[in-house]
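Comments concern the structure below.
All values derive from a computational prediction rather than experimental measurement.
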Amino acid sequence: MHEKPLSKIVDELLRLRRHASRSSQDRSAPSHFGLDPALVGNFAAGTLDPQGEAALADQVARLLPFHWVLSNTLTEAMTQVTDHLGGQRELMAWLDRHVGLPQLVARLYVVMGLLDQYSENSAVVTALRESRERTPYPPGLKGYLVPETDDETLGGIAFKIEELLGDGRTEEAAALGLATVDWLRHVAPRAGELDPKIGDMGELMDHMHRDIQATAV
């Protein structure tokens with residue numbers, strides 16, 4: 001993963017998204033998902049071998065989409081892993097080093113973090129709204145967008161990406177991530193005109209597009 005997008009995401013990347021439906025909040029991770037206590041303990045102690053670390057990264061990646069509905073035991077284990085690494089950004093960097101599902105999940109969570117941030121920027125929302133006046137449903141986003149474009153539009157897409165990952169629909173999650181990144185790349189020049197402080201949005205989206213495309217699951 002390119003370092004610049006990762007440096008832009010906030011520390012509290014994993015949180016309950018306001019777009020989550022009641023049914024989604026009531027979901028729990030499949031019973032066969034979990035964190036092996038021995039792997040977690042050895043990882044925290046710095047004694048886990050590369051094969052065990054790869055196995056733990058895969059377990060963490062499968063659980064992340066359910067991070068806000070995990071049992072207390074799993075939450076404590078996930079916190080132990082995250083704390084050992086130094087925080088949530090460091091967790092994403094660690095997952096990114098493991099090719100396959102962990103890497104894809106890490107890169108999509110960085111995209112989600114950026115979407116959450118841009119959803120709060122009025123210049124980005126305006127640029128998206130103007131774009132949809134010309135193209136109501138950008139390529140790859142029909143079925144994911146409601147007619148109105150507002151400050152919940154990007155956050156809603158972020159929630160859907162997370163939901164798709166939780167359902168095991170990784171190809172769809174990656175495709176939605178790419179389509180959204182492409183949309184933001186397209187509107188970046190206009191958003192930069194309205195708010196020069198986000199002039200690097202196009203560059204960030206270029207990095208994320210290459211990162212997601214280079215990920216194989």
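- Counting only heavy atoms from C-beta outward, the side chains of Y118 and D151 never approach each other to under 4.5 Å.
- Separating the CE atom in M112 from the CG atom in L64 is a distance of 8.5 Å, to the nearest 0.5 Å.
- Contact annotation: the side chain of F66 never approaches that of M78 to less than 4.5 Å [non-hydrogen atoms, C-beta and beyond].
- To the nearest 0.5 Å, the span separating CZ on F33 from CG on D58 amounts to 9.0 Å.
- Once rounded to the nearest 0.5 Å, the distance linking CG of D150 with OG of S122 reads 13.0 Å.
- For the pairing with L39, the side chain to side chain contact (heavy atoms under 4.5 Å, CB included) check across D36, N42, L35 returns one residue only, D36.
- Applying the 6.0 Å contact sphere to CG of D49 captures more than 12 heavy atoms from other residues, nucleotides or ligands.
- Follow the hydrophobic side-chain contacts under 4.5 Å out from M205 and you never reach L194; the two are in separate clusters.
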Intermediate values then yes/no, side chain to side chain contact (heavy atoms under 4.5 Å, CB included), L108 and T215
CA-CA 10 Å; L108 288 178; T215 304; over 6 Å; no
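- Here salt bridge (Lys or Arg N to Asp or Glu O under 4.0 Å) pairs that include residues 181-196, with residues two or more places apart or in two chains, are E130-R190, D182-R185, R185-D206, R190-E193.
- For A191 against M201, the heavy-atom pair with the smallest separation is CB-CE, 3.9 Å.
- Going from atom OH of Y144 over to atom CG of L176 covers 5.0 Å, rounded to the nearest 0.5 Å.
- Put simply, the side chain of R107 does not reach to within 4.5 Å of the side chain of V110, judged on heavy atoms.
- Residues A179 and L141 approach most closely at CB-CD2, 3.9 Å, considering heavy atoms.
- Contact between L95 and A57 at its shortest, heavy atoms only, is CD2-O, 3.5 Å.
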Step by step, work out the side chain to side chain donor-acceptor pair (under 3.5 Å) result for H67 and Q88.
CA-CA 12 Å; H67 60 89; Q88 292 182 5; over 6 Å; no
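- Contact record, P102 with A61: CA-CB, 3.7 Å, taken as the closest heavy-atom pair.
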What verdict does the side chain to side chain contact (heavy atoms under 4.5 Å, CB included) test give for V60 and L91, after you've listed the backbone C-alpha separation in whole Å, the side-chain angles of each residue and the deciding distance to 0.1 Å?
CA-CA 10 Å; V60 169; L91 174 67; 4.2 Å; yes
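- Each of T153, T180, V124 was evaluated against L115; a single residue qualifies, T180, per the side chain to side chain contact (heavy atoms under 4.5 Å, CB included) test.
- When side chains are defined from C-beta on, L164 does not count as touching F159, because their heavy atoms never get closer than 4.5 Å.
- Using a 4.5 Å heavy-atom cutoff, the side chains of L101 and T170 are in contact.
- Separating the CG atom in L128 from the CD atom in E133 is a distance of 11.5 Å, to the nearest 0.5 Å.
- Criterion: ILVMFWY side-chain heavy atoms under 4.5 Å apart, direct or through other members. Under it, V125 and V181 are not part of a common hydrophobic cluster.
- Closest of all the heavy-atom pairs between H98 and A54 is CD2-CA, 3.7 Å.
- The two residues D116 and A158 make their nearest non-hydrogen contact at OD1-CB, 3.9 Å.
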Any chance you could lay out the side chain to side chain contact (heavy atoms under 4.5 Å, CB included) test for S119 and E152, step after step, and finish with the verdict?
CA-CA 6 Å; S119 69; E152 295 192 359; over 6 Å; no
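- Every residue meeting the side-chain contact (heavy atoms from CB on, under 4.5 Å) condition with A174, not counting sequence neighbours, appears here in chain and number order: L104, I212.
- Ring centroid separation for the pair F43 and W94 comes in under the 6.0 Å cut-off.
- T79 places none of its side-chain heavy atoms less than 4.5 Å from the side chain of E76.
- The existence of a salt bridge linking D200 and K8 is confirmed by a sub-4.0 Å separation between a basic side-chain nitrogen and an acidic carboxylate oxygen.
- The backbone N or O of P138 lies less than 3.5 Å from no partner atom in the side chain of T135, so there is not a single donor-acceptor pair.
- Counting only heavy atoms from C-beta outward, the side chains of L165 and R62 never approach each other to under 4.5 Å.
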Q80 and H84: side chain to side chain contact (heavy atoms under 4.5 Å, CB included), yes or no, with the steps?
CA-CA 6 Å; Q80 193 174 357; H84 174 72; 5.9 Å; no
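- Counting heavy atoms from C-beta on, the side chains of R132 and L145 come closer than 4.5 Å.
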